Amino acid sequence: MELITKCRHLCQVIFIISMISLSNGHTEEAKPTSAPLPLQHNQTSWQQRPVMRNSVQRWKVNQTPGGATSSSVHCDYKELLTNLHDRVSLMVTVDEDLRQRLDTIEKKIVQFEESNLARMDSLAVAQMDFDKHLDIMEHIQRLTRRGVDELLGEFGAYMRTLNLSHIPDNRIHSSGIANVELNVLRKTKRQAIHSSQQQQQPSSMPISDSQKLDALATLLTSTRGAINVLHSQLQANVTKLMQQTGNLQRRVSNLVRRQHNQGAIVSVPNFYATANTQQQLTTSCAQGVSTINGILKLQLTPTSDPFYVTCEDQLAGGGWTVILNRFNGDINFQRGWMEYKHGFGNLAGEFFIGMDKLYALTASAVHELLITLEDFQKHRRYARYNLFAIGNEMESYELKLLGKFEGDAGDSLTYHAGSKFSTFDNDNDGCVDCNCAQSHKGAWWYNWCDQSNLMGPYHETDYDKIEQYRGIYWHDWLGGNYSLKAVKMMIRPVNIDSERR
């Protein structure tokens, strides 16, 4: 813009100079055309004619060179102005092209940052799940070691009572484990040779306690070796995951610093912004904060936007955040993508929390999922999954994490694990030649197409003979031709003890 302004000023100056020059040229042209001097009274008429003829000839002689010079000067200025105008137009075109390129680069940077943030969230969820499995394996290893130590101690006491050998207790010195394992293996080998020599002799004697202990000790020894191998593999995987996370964080930091240097402003959803704070925030219904008629205000981080949720404290230990509630058909669930993104309904009645808030909750901590179902005969069933998480909008809110099932309703959701969310105006299902959301009149994580659909049409009458798959149904309980009366989906952080603390 500064360059364009300077060019405009330059053009104005040149135009003013040209106008001044042209005015000077017109002044010089006007001089020869001035009126002739008045004649004296004593001059006769025959003396006037030669004088005027000479004046006209003299004016023509003086006028011809001056007019040619002024015309050439005028053409030079006109050509100069034309060239300047062409150059200014070219510079404006180049400036517009550069601005469009800068806008394209900024958009690509924003998309890259959003993609990296989504990958970081996915890696964080995977890392938390991996840490949980690692803790479980370490706990199993400790229990196995303790069991081996106790069995070896009892076996040593038993062998000492028989005066066969002295086996040092593992609890006294760590080197005793190797000696115990060696003695157990030797004795097992001797018994195997002895039994092979007596194969031809019929024997109905039962297996002795010492043989049972030997076999058990051998099994525990092999189990311990397998656990050690698995532990080393887990440590290597954790190290690799930490390295990848560090590299990704450095790349994101460099990208953010580059955007700040370029003065770029990026607006991202603010439900799950990260920041350090000393203030205690209410991030889950599992924290034990008192509610008002079951309604609680959550704020995941100090810089994020707060929002209200419905809490359920009566089922399965309480602390559940309700994300979907249907029981009378007051709310139509056949809606578009934007409405499912932001949520709809009334927290005191039927509602859906919204995909953005659901992603923010599952990205802030690893959650579990509880689904309750009820038919029109007031029979109730439930389905519970120990892990649950979805992706962001760039990933079409993919059902990224669904854990192990338990319950009496049957597992009709595992079929949808890994599927993207679909609505009638945004088809992301696995069906190539169909739109499951349109044909089933709902919205869900459709695969090809579904085994459950809790966001389908509500049927208050003829609920037991609906058109197949066009209702609120759970296939493994009442099939695809029965539309349920009430359904509720709830999530809760897996580590509920730390949430309550």
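Since the structure is predicted, the reported quantities are computational estimates derived from the model, not experimental observations.
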For salt bridge (charged side-chain N to carboxylate O under 4.0 Å, His left out), just list the numbers for K107 and D103, CA-CA rounded to whole Å, side-chain angles, deciding distance to a tenth of an Å, and then say yes or no. CA-CA 6 Å; K107 291 180 181 179; D103 293 338; over 6 Å; no

Who pairs with Y482 by ring-ring contact (aromatic ring centres under 6.0 Å, His included), at least two apart in sequence or on another chain? Y463

Whether W320 side chain and L315 backbone form a donor-acceptor pair below 3.5 Å: yes

Check the pair K420 / E398 against salt bridge (charged side-chain N to carboxylate O under 4.0 Å, His left out), numbers first and verdict last. CA-CA 4 Å; K420 297 181 179 180; E398 178 184 354; 5.8 Å; no

Main chain of N453, side chain of Y446: is a donor-acceptor contact present, judged purely on distance under 3.5 Å? no

CA sep, side-chain torsions, deciding dist, call: K485, F327, side chain to side chain contact (heavy atoms under 4.5 Å, CB included): CA-CA 6 Å; K485 178 183 179 181; F327 55 89; over 6 Å; no

Audit row: Y397, Y340, ring pair (Phe, Tyr, Trp, His ring centres under 6.0 Å) steps and yes/no: CA-CA 11 Å; Y397 303 115; Y340 272 98; 10.0 Å; no

Flag the pair R492 and E312 as a salt bridge only when some basic side-chain nitrogen lies within less than 4.0 angstrom of an acidic carboxylate oxygen. no

Without swapping roles, check the side chain of D121 against the backbone of A363 for a donor-acceptor pair under 3.5 Å. no

Please report the C-alpha distance between H85 and V88 in whole Å, then the side-chain angles of each, then the deciding distance to 0.1 Å, and finally whether the side chain to side chain contact (heavy atoms under 4.5 Å, CB included) criterion is met. CA-CA 5 Å; H85 182 270; V88 170; 5.8 Å; no

Could you check whether any side-chain N or O of N293 sits under 3.5 Å from a backbone N or O of I295, counting only pairs where one atom can act as donor and the other as acceptor? no

Chi angles and distances behind the side chain to side chain contact (heavy atoms under 4.5 Å, CB included) call for W474, L478: CA-CA 6 Å; W474 192 264; L478 295 175; over 6 Å; no

Answer yes or no for C434 and C449: SG-SG distance under 2.5 Å. no

Given H440 and D450, is the side chain to side chain contact (heavy atoms under 4.5 Å, CB included) satisfied, shown in steps? CA-CA 9 Å; H440 292 187; D450 52 44; 2.7 Å; yes

May I ask you to decide if R384's main-chain N or O and E368's side chain share a donor-acceptor pair within less than 3.5 Å? no

Do the side-chain N and O atoms of D411 and T414 include a donor-acceptor pair separated by under 3.5 angstrom? yes

Please name all residues satisfying salt bridge (Lys or Arg N to Asp or Glu O under 4.0 Å) with R335, sequence neighbours left out, ordered by chain then number. E339

Carboxylate-amine/guanidinium proximity below 4.0 Å for K400 and E395: yes

If you count heavy atoms of other groups shown closer than 6.0 angstrom to CD of Q377, is the number above 12? yes

Across all chains, not counting sequence neighbours, the ring-ring contact (aromatic ring centres under 6.0 Å, His included) partners of Y385 are F405

Will you find, in the side chains of Q100 and T104, an N or O donor that is under 3.5 Å from an N or O acceptor? no

Are a donor atom and an acceptor atom from the side chains of E393 and W337 found within less than 3.5 Å of each other? yes

